[in-house]
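Input: a single structure, listed below in structure tokens.
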Amino acid sequence: MSITYLEAIREAQAKALADDPRVYIYGQDVGEFGGAFKATKNLAKEFPGRVLDAPISEDAIVGSAIGAAIEGMRPIIEMQFADFSSVGFNQIVNHAATLYWRTEVPCPITVRLPSGGNLGSGPFHSQCMEALYAHYPGLIVMTPATVEDAYSMLLEAVAIDDPVVFCEHKYLYYHLKAESLPTDALPAGKARIARPGRDATIVTYSAMLHEALAAAEELALDAYQIEVVDLRTVKPIDTDTILASVARTGRLLAVGEAFPWGGVTAEVIARVVSEGFELLDAPPQRLNARDTPIPYHPNLWAAHRPTAPAIVNALRNLLRM
Amino acid sequence: MSITYLEAIREAQAKALADDPRVYIYGQDVGEFGGAFKATKNLAKEFPGRVLDAPISEDAIVGSAIGAAIEGMRPIIEMQFADFSSVGFNQIVNHAATLYWRTEVPCPITVRLPSGGNLGSGPFHSQCMEALYAHYPGLIVMTPATVEDAYSMLLEAVAIDDPVVFCEHKYLYYHLKAESLPTDALPAGKARIARPGRDATIVTYSAMLHEALAAAEELALDAYQIEVVDLRTVKPIDTDTILASVARTGRLLAVGEAFPWGGVTAEVIARVVSEGFELLDAPPQRLNARDTPIPYHPNLWAAHRPTAPAIVNALRNLLRM
Amino acid sequence: MAITSPRQNAVETEREQFLATYRWMLLARLSEDRLSSLWKAGKIVGGVYLGRGQEAMSASLGVNLKKGDIFAPLIRDQAGRLAFGEPLIEGMQTYLGSRLGPMRGRDGNIHRGRPREGYYAMISHLGCMVSAVAGALMAKRFQGDSDFVGATCIGDGGMSTGSFHEAMNMAAVEKLPLIVLAANNQYAYSTPTSRQFACADLVDRAIGYGFTGHSIDGTNLKDCLTTIGKAVAAARAGGGPQLVVGTILRLAGHAEHDDASYVDPIVRHKPFAVDCLRAAEEMILAKSWLAESDLATLRNEVMNEIDDAVSTAQKEPVPDAGTEDWCALSSRHLVDGHLA
Amino acid sequence: MAITSPRQNAVETEREQFLATYRWMLLARLSEDRLSSLWKAGKIVGGVYLGRGQEAMSASLGVNLKKGDIFAPLIRDQAGRLAFGEPLIEGMQTYLGSRLGPMRGRDGNIHRGRPREGYYAMISHLGCMVSAVAGALMAKRFQGDSDFVGATCIGDGGMSTGSFHEAMNMAAVEKLPLIVLAANNQYAYSTPTSRQFACADLVDRAIGYGFTGHSIDGTNLKDCLTTIGKAVAAARAGGGPQLVVGTILRLAGHAEHDDASYVDPIVRHKPFAVDCLRAAEEMILAKSWLAESDLATLRNEVMNEIDDAVSTAQKEPVPDAGTEDWCALSSRHLVDGHLA
Ligand SMILES: Cc1ncc(C[n+]2csc(CCOP(=O)(O)OP(=O)(O)O)c2C)c(N)n1
Ligand SMILES: Cc1ncc(C[n+]2csc(CCOP(=O)(O)OP(=O)(O)O)c2C)c(N)n1
Ligand SMILES: [Mg+2]
Ligand SMILES: [Mg+2]
């Protein structure tokens with residue numbers, strides 16, 4: 001048996017619904033249809049009345065989840081595409097994220113964002129929005145890069161008493177497969193050494209992990225040992241694991257698929273240099289998408305986001321420094 | 001004659017309306033009432049039919065400005081508080097910011113965001129949102145810190161063919177005065193050395209500039225010469241001016257009023273270390289607001305955002321490193 | 001022995017409900033007058049937002065709700081908050097920044113509540129509380145509760161927000177027992193209704209959402225009690241969502257810094273500009289439900305309550321940055337230690 | 001000599017308009033059929049969204065607009081786009097990612113337009129184009145233009161967005177010459193109207209916004225032409241904003257990957273499920289405005305146009321990352337060089 005990243009998300013939701021009567025799923029087309037990506041396939045049938053189609057009203061969808069959470073439910077919200085969460089943005093960052101601070105009442109909602117680029121998706125169906133949500137206090141932002149994490153972290157997201165923005169990557173939905181679902185997992189907030197090395201550290205997350213691993217493979221042919229750190233959650237960031245890796249390698253490249261101004265890569269570098277400056281043997285570098293909207297045409301898209309070849313180049317420069 | 005930061009904003013809008021028939025102002029209560037902060041005082045009378053009250057519809061307000069800009073106008077949008085731009089967010093980052101890239105038609109709109117903390121303003125009337133807008137491609141983000149810049153940069157914002165998010169600081173509205181309006185100014189995109197020094201560089205912007213200058217004053221008593229760089233625009237960031245300053249001082253402290261994850265301070269540090277690593281004699285540090293919503297009570301607010309004393313401490317630590 | 005007829009009972013209960021609601025209105029009015037003086041005396045930081053003129057509507061909603069219901073009041077609902085059960089002291093504590101109040105100095109003024117008790121704390125962004133109440137009602141339905149409603153308030157300006165629209169439509173699709181009380185008080189801050197909407201009457205939006213629409217004279221407590229009572233009963237009985245639109249004039253500035261000089265003098269003399277509190281008192285006297293002297297006694301009683309609440313709140317400790325728990329997450333183990 | 005009476009002229013113009021509009025419908029239908037085949041053949045990356053079944057509504061709007069008007073079409077407006085003046089090739093170029101098309105490969109499929117020519121390029125977020133058109137109309141008013149209207153389209157699902165609501169309300173407050181054409185095609189992707197709204201008829205929202213409301217049978221070209229014509233004329237004549245709601249069935253999947261198996265079989269047999277193109281052809285024959293053979297000729301003519309457009313577009317260069325101008329700002333001096 002083999003299971004995809006997408007199936008893992010579906011299975012995690014099935015388990016959450018089965019284990020916890022407080023869980024329900026709400027979002028556009030998530031019901032009988034099973035969602036635009038089929039992440040809720042058959043769940044409406046298996047869990048009657050608990051997987052509901054929503055109107056095209058992202059603000060109200062999130063707002064309703066907040067009220068339901070206050071009353072003791074554990075809503076899972078599916079945004080049809082992460083990009084459309086921009087119109088549910090206010091309820092997430094100003095209502096859900098502030099509730100506990102203001103009232104001492106926690107807000108256990110999970111907002112699933114089908115994120116990231118895919119062939120021919122264009123400017124409005126490709127965005128990585130983790131930096132926006134991580135900037136606001138009161139949210140946890142998860143960015144699973146593996147089938148195992150997609151499963152275990154989504155279950156954990158539902159169990160966490162605070163609002164979780166769950167950035168699942170559409171490119172990994174079908175491309176990524178595992179043999180089976182995990183039985184145990186690292187807790188949220190802990191990063192993972194995806195590949196050990198000693199010459200340089202790549203800190204990355206989500207789909208970029210696989211580009212980074214491919215780049216590390218290629219450099220292995222030249223006998224370079226590149227360590228790859230998978231952040232798993234970008235808020236909080238497991239800074240200690242990053243620092244420990246940089247202590248081993250002395251070199252840092254932060255890679256992200258989001259837009260280049262600000263974001264995870266800048267935050268990672270700022271932390272490493274302010275807390276681990278002396279660990280560095282070379283200037284830390286970062287690689288992000290270009291500073292333009294995400295293009296539709298595959299020729300342009302391939303050059304807009306970081307890919308293994310681009311990471312290889314960045315690494316070679318970094319190793320030369 | 002003396003003029004406040006707020007009056008400078010009003011004067012700039014009066015001049016823009018007088019000089020350019022394409023300019024109009026649209027926002028809640030900006031008409032006869034002159035705006036919640038009186039930034040458009042008397043403008044409706046002086047420019048009949050060109051300063052219009054809007055319904056409480058931030059999304060439509062921005063959307064309408066985009067259409068008007070396409071047809072050749074130069075709208076100035078006033079958000080009543082920056083915080084409420086969260087519900088106009090999508091039209092700004094996905095519509096205005098992508099228009100030129102998608103269609104080759106520029107989108108010359110100016111969105112004024114009365115930003116930042118003030119006594120007793122609380123979680124929803126105090127936010128600094130520059131990092132959100134700077135993250136998205138296609139926007140220019142201005143953060144004037146002086147009366148002169150409030151005036152000249154707002155005029156420039158209206159003249160620029162691209163969408164400008166103009167973050168004006170409410171705390172400076174009345175606290176900041178100048179003798180007169182400037183006749184010339186640095187262009188957008190250029191940072192300014194607000195105070196020369198040689199022992200350390202503070203990079204900051206908006207209201208934090210004045211906390212930084214006060215901190216520098218205090219350290220001057222101990223014969224430390226702190227250089228203070230006022231970014232003026234946070235997108236684009238004038239990285240060359242920052243690097244030149246760090247080359248002089250060897251030490252960097254980035255200070256911002258926004259939430260601590262990501263944002264301007266992380267971006268500044270990431271740039272300096274990746275491009276000017278060897279210029280640094282000590283780990284670059286940053287100082288931001290705390291990672292909680294902005295508190296209402298003055299006792300808490302004073303401890304939530306960076307202030308001169310906090311900057312002094314950070315500087316002393318930095319100078320010791 | 002005297003036998004009271006059902007008719008007499010009806011009159012009796014009408015009197016009692018009217019007087020009880022009037023008392024909430026009076027408490028709201030006088031406590032907000034006090035807040036205004038405290039603000040003018042520099043004892044309150046930030047804005048002070050009064051519900052003056054809207055007490056009849058707001059209180060009528062509050063008295064029609066009961067334990068187990070959800071209530072998300074808005075800017076001008078001091079009366080409804082009290083009638084729903086908020087202790088007077090909590091408003092004072094929040095305005096004065098007491099560390100012992102429900103918001104502990106973290107938020108102020110009207111941004112207060114106790115969500116655990118069905119009493120929601122508004123965020124400033126208008127329209128955003130409607131969907132939260134809708135979601136709460138979905139939760140209660142999931143949980144198999146019965147005999148509950150949810151209620152929230154909105155203004156003529158707040159009805160222009162997208163957030164409001166989405167939530168109204170969603171509540172109707174879900175056929176939720178939601179009551180939305182809209183106060184058309186002629187202005188949104190300084191903006192007159194002519195710049196806010198173009199329909200003849202905001203109640204005309206009910207049909208487009210699939211709500212039952214009701215119109216009330218917000219100056220008339222009897223009308224408010226009757227119509228809002230009907231709307232709440234209908235929602236409770238499974239009649240689906242209800243929109244009640246009251247016409248009224250905001251008898252204060254937007255906040256206390258605002259002299260509202262922009263209010264059209266003609267508007268000030270319209271029937272909807274009548275003070276609902278005075279009108280209620282006139283009705284009480286006309287029906288001789290109480291005598292002038294009773295009203296005076298009541299007023300004193302209420303004044304004393306307010307004095308006590310204010311002096312208690314003023315004696316309470318304010319927050320201290322050093323001992324403050326600077327944590328936006330309830331999951332302590334997930335706090336990002338490197339941002340402290 | 002024969003004298004044609006006004007009556008005859010009216011009939012004549014009716015015939016001409018009907019046939020001209022039918023031709024746009026046919027061109028839209030057949031060009032989208034071709035897009036569907038290209039997609040199935042793997043020649044198109046990303047989604048293909050068809051307006052099948054909505055050509056009568058969409059084309060009727062397009063033919064009623066003229067130069068100087070603003071048009072912001074949406075997902076299912078291939079017919080309206082063509083009727084408004086979009087060259088057939090531009091749709092093909094955009095779907096095929098030609099560097100010479102209006103979007104130059106930067107965006108695809110229905111996300112296309114030429115704003116300079118009053119033909120706006122939609123963003124995906126539903127509801128967001130309405131306020132842009134409203135603002136364009138405000139601009140034209142500022143500029144002293146006259147005799148202009150703006151039009152945009154929306155679906156039963158898009159009407160649930162806050163963005164749509166805010167823009168409708170704003171347009172009414174500004175009394176703009178705006179026509180909003182709503183296609184209630186029974187589904188939003190897979191979501192039936194029962195999960196999307198709860199009002200009896202979406203046209204009931206017109207009164208709440210202060211729009212004039214019109215209902216049309218979207219399967220009936222004559223009705224579409226007449227009613228949409230009236231609405232556009234009313235807006236042009238200063239009659240304020242107009243909402244036209246057409247009932248119809250989406251005769252395709254949401255996009256070509258979607259087999260729409262969720263569509264209720266009963267719905268497929270409702271009157272509104274009739275194919276407007278076939279209905280138009282039947283009327284043409286019934287009125288003997290054209291003969292079977294003429295229709296066949298027309299179809300060939302249109303097919304040839306499509307063949308030409310497709311083969312031209314397929315021969316055109318695609319974008320090249322190396323030579324691409326990677327710049328989101330028109331102000332080159334303000335580009336942040338350190339992000340490259
Ligand atoms: C989305 C949003 N935009 C702007 C504001 C600022 N604001 C606060 S109250 C107010 C006026 C509200 O008017 P209305 O809804 O009629 O309520 P009223 O004050 O008349 O009771 C405005 C514009 C806000 N709170 N939320
Ligand atoms: C704000 C927003 N949320 C979600 C989507 C994803 N989406 C694209 S089309 C669509 C369905 C639209 O339905 P409707 O408005 O009825 O138009 P139709 O497809 O039926 O023509 C959805 C949900 C979107 N484009 N925008
Ligand atoms: Mg009002
Ligand atoms: Mg539809």
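None of these values were measured; they are calculated from a predicted model. The chains referred to below are lettered A, B, ... by the order of the sequence lines, with proteins before strands, and numbering in each begins at 1.
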Is the number of heavy atoms from other residues, nucleotides or ligands within 6.0 Å of [atom1] ([X]) greater than 12?
{"X": "A:K41", "atom1": "NZ", "result": "no"}
{"X": "D:H333", "atom1": "NE2", "result": "yes"}
{"X": "D:E316", "atom1": "CD", "result": "yes"}

Practice item. Identify the heavy atoms of D:R104 and A:L300 that sit nearest to each other, and give their distance. Key: O-CD1, 4.4 Å
**Study point:** Heavy-atom pair of closest approach, residues A:Y296 and D:N109
**Key:** CE1-ND2, 4.4 Å
Can any side-chain N or O of [X] pair as donor or acceptor with the backbone N or O of [Y] at less than 3.5 Å?
{"X": "A:N299", "Y": "D:D320", "value": "no"}
{"X": "D:S160", "Y": "A:P55", "value": "no"}
{"X": "D:R195", "Y": "A:D53", "value": "yes"}

Review point. What orientation do D:Y262 and A:F33 show, parallel under 30°, tilted 30 to 60°, or perpendicular over 60°?
Key: perpendicular
Spacing of [atom1] belonging to [X] relative to [atom2] belonging to [Y], to within rounding of 0.5 Å:
{"X": "D:L339", "Y": "A:T292", "atom1": "CG", "atom2": "OG1", "value": "11.5 Å"}
{"X": "D:T191", "Y": "A:L52", "atom1": "OG1", "atom2": "CG", "value": "11.5 Å"}
{"X": "A:I56", "Y": "D:Q196", "atom1": "CD1", "atom2": "CD", "value": "5.0 Å"}
{"X": "D:S124", "Y": "A:F81", "atom1": "OG", "atom2": "CZ", "value": "8.5 Å"}

Review point. Considering only heavy atoms, which portion of A:E58 lies under 4.5 Å from any heavy atom of chain D: side chain, backbone, both, or neither?
Key: neither
Practice item. Heavy-atom distances under 4.5 Å only: say whether A:A36 touches chain D with side chain, backbone, both or neither. Key: both
Review point. Going by residue number, which parts of residues 93-102 of chain D are within reach of chain A, meaning a heavy-atom gap below 4.5 Å?
Key: D:T94, D:Y95, D:G97
Point to revise | Among the listed options D:P319, D:G157, D:G162, D:A328, the residue most often paired with chain A at heavy-atom distances under 4.5 Å | key: D:P319
Which atoms of [X] approach chain A - backbone, side chain, both or neither, heavy atom under 4.5 Å:
{"X": "D:C327", "result": "backbone"}
{"X": "D:H254", "result": "neither"}
{"X": "D:I123", "result": "both"}

What pairs of donor and acceptor atoms, side-chain ones from residues 114-126 of chain A against any protein atom, are under 3.5 angstrom apart with sequence neighbours left out?
unit_1	atom_1	unit_2	atom_2	d
A:S115	OG	A:L113	O	2.6
A:S121	OG	A:N118	O	3.2
A:S126	OG	A:G122	O	2.6

Check your understanding: Given the rule in the side chain to side chain contact (heavy atoms under 4.5 Å, CB included) test, do A:S86 and D:H125 qualify, once you have shown the distances and angles that lead to the verdict?
Key -> CA-CA 9 Å; A:S86 55; D:H125 299 71; 3.2 Å; yes
Review point. Do D:Y189 and A:Q28 have side chains that get closer than 4.5 Å, going by heavy atoms?
Key: no
